[in-house]
Number of protein chains: 2
Amino acid sequence: MRWGVEKRLEFIEFRLFWEGGINRADIVDQFGVSVPQASKDLTLYEEKAPGNLIYDKSAKRYKAADDFKPVFMQPNASTYLAHLRETNGGASGVTEAWLASAPEHDALPIPHRRVEADVLRDVLKAIREGHSIEVFYQSMSAKKPSPEWRRISPHALGNDGLRWHIRAFCHIDHKFKDFILSRCMKTRKHGLSGASANDDKLWHDRFVVALAPNPALSESQRSIIAQDYEMTNGRTEVMVRKALLYYFLKRLRLDFADKLDNPHEVPVVVANRAAFDAALAEATA
Amino acid sequence: MRWGVEKRLEFIEFRLFWEGGINRADIVDQFGVSVPQASKDLTLYEEKAPGNLIYDKSAKRYKAADDFKPVFMQPNASTYLAHLRETNGGASGVTEAWLASAPEHDALPIPHRRVEADVLRDVLKAIREGHSIEVFYQSMSAKKPSPEWRRISPHALGNDGLRWHIRAFCHIDHKFKDFILSRCMKTRKHGLSGASANDDKLWHDRFVVALAPNPALSESQRSIIAQDYEMTNGRTEVMVRKALLYYFLKRLRLDFADKLDNPHEVPVVVANRAAFDAALAEATA
DNA sequence: ATGATGGGTATATAAACTATACGCATCTTC
DNA sequence: GAAGATGCGTATAGTTTATATACCCATCAT
């Protein structure tokens, strides 16, 4: 079967599963095929996945059967929700909108400067080819009130939950650091790399964070949290790169577990706090 | 031009732009077409986007020209980064991997219980058709240590930055509330709706949060933050649904701006705090 | 030099798709 | 309850797209 046909069958199944029904017109709109071809596709789908399709004459629409069994995809809630979040952002790009009758939805607006496509492109190139590169970077340090050209040897990208960082060797400070991608205004001058990616210890080393329900919660609440985090014996372990450990602390609000009035706010606490603090000290040194 | 051809040209351009080069083999792998067809596609691309393509005989690979001008897509860094994050998760689903030589990357691991596809599917159905539905829900309240069947009339989905909520009218408490999607274990019994989506005031009302750089920062740092958040006159306004306001506070760590030792941690503060607190009180009442 | 690899192209053939047309069932409108 | 609109199904002939196979060329490693 040709790739285009396969995609259309997948599309039919996607719509049936997540949106409950599909039309010839849906296929025509999505893929620009002719109406007879859309008919053939539906017939073909019925052949390949017998019993999944039921035509509702009254609604003039194919509906998913009660015992619908997907054969062209594995339904995954996270994937659907990720798509949903994308439709919110507006810019679709590669992923076209397979969601037609999406539910009303909204995500928290995270205000931020946009990342320049050309900057990202050049950084990716430097990572790929093992170059160093100069970035016109706005540092937060008080000594540098305006952006400066800095040479860095990038080797990876990291996401802290709110924004993306470049993980790179800094040719000025002679160590590996994070550079916030959106603070790179422009790039220039590829050059020789200043360090091997393998030497970025904090990036490659991972610390195993042990999480436990906040002991300030009631027992029944603790057990609910344990289920939420899929804990076994009231514990769950999360491997976190040391370079990301600081952001992990902040994102999960682990730094305030004890100081907060309401334990409800911080469902989990770090169970191996001493080791955690040591690792964090190492990472932020 | 047929949909499949268009997609292949788009793919060629995507790879050229973000990964710098492309091969016949890449096209064959991605779309399962024959080798001569991949050749034709490259020729066709050169026709449609003259000058973008340069064959590097030594590397045996087409490379993007220095003055590469995309014609089949608008390059968007956010879209690329969203794809990158998806590849991390593993589950691809609808979006196939257009990223071949992706850079090394990692995102913060957010430990969480998975959402059941069948649950989400049934909730979507209820929203779409305006039904109520029973969910086997694990509430956090101390009075309900184990999951219970609750009838709700869902009308929207909301994301708080860490997880998805169902926004629904609760038939037990007779008001609109958030239900954490991953705490819905199963669903059953569609029924009549208990309320109109329009009556969910906190969902439809939005509060305009005014954000300003943390005054505890130095002047130059404040101006950097102002740029980060694309502020004008040291302010930016963000429209937030009242139903999401509480999560906005938590996510941006706005509740600790003054208590924190290090203002660096909280780049922005709420400039219209009194109105904000009033709106928040209304939302959490 | 030799072979492996990757690209270009030509041919005949097969598959996929279009345009057009017509028939059928359901629902809405008058 | 007839008329019209809509949506599905299917048949035909013709076009586009893609395949399989073949052969040639350039570059590079050995």
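Nothing here was measured: the structure is a model prediction, and the numbers come from that model. To find a chain, count down the sequence lines: A is the first, B the second, and so on, and within it residues start at 1.
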Look at A:Asp200 together with A:Lys177 and state whether they make a salt bridge at an N to O cut-off of under 4.0 Å.
no

Which of these, A:Glu13, A:Arg8, A:Glu10, sits in a side-chain hydrogen bond (donor to acceptor under 3.5 Å, both in side chains) with A:Tyr45?
A:Glu13

When the distance from [atom1] of [X] to [atom2] of [N] is rounded to whole Å, what number comes out?
X	N	atom1	atom2	answer
A:Arg24	C:dT18	CZ	P	13 Å
B:Asp41	D:dT16	CG	C1'	14 Å
A:Met1	D:dA18	CE	P	16 Å
B:Arg61	D:dT27	CZ	P	19 Å
B:Leu42	C:dG7	CG	C1'	9 Å

Side-chain N or O of [X] versus OP1/OP2 of [N]: is the shortest distance under 4.0 Å?
X	N	answer
B:Ser58	D:dC28	yes
A:Ser39	D:dG9	yes
A:Asn23	D:dC8	yes

Among D:dA20, C:dC17, D:dA18, the nucleotide that comes nearest once only the side chain of A:Arg2 is considered
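So the nucleotide nearest the side chain must be D:dA18.
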
By the 4.0 Å heavy-atom rule, please label A:Lys60 as base, sugar-phosphate, or nothing.
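Answer is base: heavy atoms of A:Lys60 come under 4.0 Å of a base.
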
Would you indicate what A:Val35 reaches in the nucleic acid, counting non-hydrogen atoms under 4.0 angstrom: base, sugar-phosphate, or nothing?
nothing

As a test of understanding, state which of B:Phe14, B:Trp18, B:Phe17 forms a ring-ring contact (aromatic ring centres under 6.0 Å, His included) with B:Trp98.
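Only match with B:Trp98 under ring-ring contact (aromatic ring centres under 6.0 Å, His included): B:Phe14.
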
Between A:Lys40 and A:Asp56, which residue's closest nucleotide on DNA chain C lies nearer the 5′ terminus?
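Residue closer to the 5' terminus by nearest nucleotide: A:Lys40.
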
With nearest nucleotide decided by heavy atoms, which residue, A:Gly32 or A:Ala59, maps closer to the 5′ end of DNA chain C?
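Between the two, 5'-proximity favours A:Gly32.
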
Non-hydrogen atoms of A:Asp122 and A:His190 that approach each other most closely:
OD1-NE2, 2.9 Å

